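Structure record follows, encoded as structure tokens.
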Amino acid sequence: MNTTTATAPHRIAIVDDHTLMREGLKMFVENLEDFACAWTAPDSQEALKFLEKDVPDILVVDITLPGRNGLELIKDVRVLNPDLPILVVSMHDETLYAQRALKAGAKGYVMKDAPHGAFETALRRILSGGIALSEKMSETILLAFSSGANPGPDGAIHHLSDREFEVFQLIGEGRSTGQIAETLRISPKTVDVHKLKIRQKLKLTEGTSLTSFAIRWVEMRKLGKKAE
């Protein structure tokens, strides 16, 4: 008599505002032998509603989401479900966002252009209680902490809040106030408030253009990445 019982699959929930990416991640999870997709959500609000009724084994979150962004969602989830492990899967450069994600409460960070195997490895590592980062990012953070340096973005940039940093990056990409407001699903007035706070934290004088400063910073980051 066969007494072997099937092991319940690990249930993964996915939060991403792009339908194709959301469905693609769902399909990938469903094709893994011992995983299943619990549910998907397009934004933080829907995700929190689902979590009230159905807590998965791992929550997969994107950074850029309408309304409250992924980092803010992670902080909300940590308050409501402190034991729920969270994996960030994002298009944003890990050197800029991985530390912020870990600080918010995530257990790992995978870039969307990473091989599929990296996503599966991250899921399994988090399930086993580990932290999932690329080898390069792990070394960067360990070296920074061992030397006492801040492993985040250079200069005063790391003093920006998560939302301010998101606005700063969009400014650096040449987006107008209206475009930033539309991208982040916030009002133009709120964008202006963020800009004022960014200027204050970066100690930019009245004669210094925030747009020029942000564009130069983004371009220098790109050049530094190409030179690696």
Side-chain angles (χ1 to χ4, degrees), residues 4-66 68-142 151 162:
T4 303
T5 58
T7 303
H10 305 296
R11 302 173 67 254
I12 311 300
I14 301 164
V15 186
D16 195 299
D17 64 327
H18 290 94
T19 303
L20 286 176
M21 178 58 65
R22 198 166 60 243
E23 292 302 314
L25 288 174
K26 177 182 178 181
M27 185 179 300
F28 180 78
V29 167
E30 295 284 4
N31 284 330
L32 294 177
E33 183 178 352
D34 49 353
F35 286 84
C37 184
W39 46 265
T40 66
D43 54 44
S44 297
Q45 185 176 5
E46 287 297 310
L48 291 173
K49 287 181 180 178
F50 275 119
L51 283 171
E52 290 179 359
K53 302 176 182 178
D54 186 357
V55 179
D57 295 312
I58 295 180
L59 182 65
V60 174
V61 176
D62 188 12
I63 292 288
T64 302
L65 296 172
R68 292 180 68 77
N69 65 32
L71 296 175
E72 293 170 325
L73 172 60
I74 292 169
K75 294 171 185 176
D76 290 341
V77 172
R78 295 299 294 166
V79 172
L80 300 172
N81 302 94
D83 297 326
L84 173 59
I86 301 170
L87 172 64
V88 173
V89 177
S90 175
M91 64 177 286
H92 292 297
D93 188 346
E94 63 182 355
T95 61
L96 299 179
Y97 276 95
Q99 187 206 0
R100 288 178 178 267
L102 294 180
K103 186 177 179 181
K107 294 297 183 182
Y109 194 103
V110 176
M111 292 185 63
K112 286 183 176 179
D113 60 359
H116 283 169
F119 179 49
E120 179 182 357
T121 298
L123 290 175
R124 297 190 185 282
R125 185 170 295 167
I126 289 174
L127 281 172
S128 66
I131 300 294
L133 294 171
S134 70
E135 183 177 351
K136 174 186 173 183
M137 196 63 219
S138 297
E139 290 179 357
T140 298
I141 291 178
L142 287 173
D162 296 330

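Computed over heavy atoms, backbone and side chain alike; hydrogens, waters and symmetry mates excluded. Being a predicted model, the structure only gives us computed values, none of them experimental.
Using a 4.5 Å heavy-atom threshold, the side chains of Y109 and M137 count as separate. Taking 4.5 Å as the limit, every side-chain heavy atom of L48 sits out of range of all side-chain heavy atoms of R68. With a 4.5 Å cut-off on side-chain heavy atoms, P42 and T19 do not count as touching. Side-chain atoms of L80 and L51, non-hydrogen and from C-beta on, never get closer than 4.5 Å to each other. With a 4.5 Å cut-off on side-chain heavy atoms, M91 and T64 do not count as touching.
Atom-to-atom distance recorded for L71:CG and K103:NZ is 11.0 Å, nearest 0.5 angstrom. The CZ atom of R125 sits 14.0 Å away from atom NZ of K107, with the distance rounded to the nearest 0.5 Å. Rounding to the nearest 0.5 angstrom, the gap separating the SG atom in C37 from the CG atom in L32 is 11.0 Å. Atom CG of D17 and atom CD1 of I63 lie 12.0 Å apart (nearest 0.5 Å). Distance check, rounded to the nearest 0.5 Å: CZ of F119 to NZ of K112 gives 11.0 Å. Summarising the geometry, atom CG belonging to N69 is positioned 10.0 Å from atom CZ belonging to R100; distances are rounded to the nearest 0.5 Å.
Residues S134 and E94 bring a donor and an acceptor atom of their side chains to less than 3.5 Å of each other.
Among all heavy-atom pairs drawn from A118 and V110, the shortest one is O-CG2, 4.2 Å. Across all their heavy atoms, P66 and D43 have their closest contact at CG-CB, 3.8 Å. Nearest heavy atom pair, residue L73 against residue S44, reads CB-OG, 3.4 Å. Taking both residues in full, the closest heavy atoms of E30 and A36 are given as OE1-CA, 4.0 Å, listed atom of the first, atom of the second, then distance. L133 approaches S138 most closely through the heavy-atom pair CB-OG, 3.4 Å.
In this structure, R22 contributes its side chain and D16 its backbone to a donor-acceptor pair below 3.5 Å.
Heavy atoms of other residues, nucleotides or ligands lying less than 6.0 angstrom from CD of Q45 number 12 at most.
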| Checking side chain to side chain contact (heavy atoms under 4.5 Å, CB included) for the pair R78/I86: CA distance, chi angles, key distance, verdict? | CA-CA 9 Å; R78 295 299 294 166; I86 301 170; 4.3 Å; yes
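Of the residues I12, L87, I58, the one that meets the side-chain contact (heavy atoms from CB on, under 4.5 Å) test with L127 is I58. For the side-chain contact (heavy atoms from CB on, under 4.5 Å) with V60, the qualifying choice from V15, V88, V29, V89 is V89, the only one to do so.
Scanning for side chain to side chain donor-acceptor pair (under 3.5 Å) contacts around D34 gives R124, with sequence neighbours left out. Evaluation of the side chain to side chain donor-acceptor pair (under 3.5 Å) rule for K75 yields D162 as partners, not counting sequence neighbours.
H116 and F28 have tilted rings, their planes meeting at an angle from 30° to 60° on a 0 to 90° scale.
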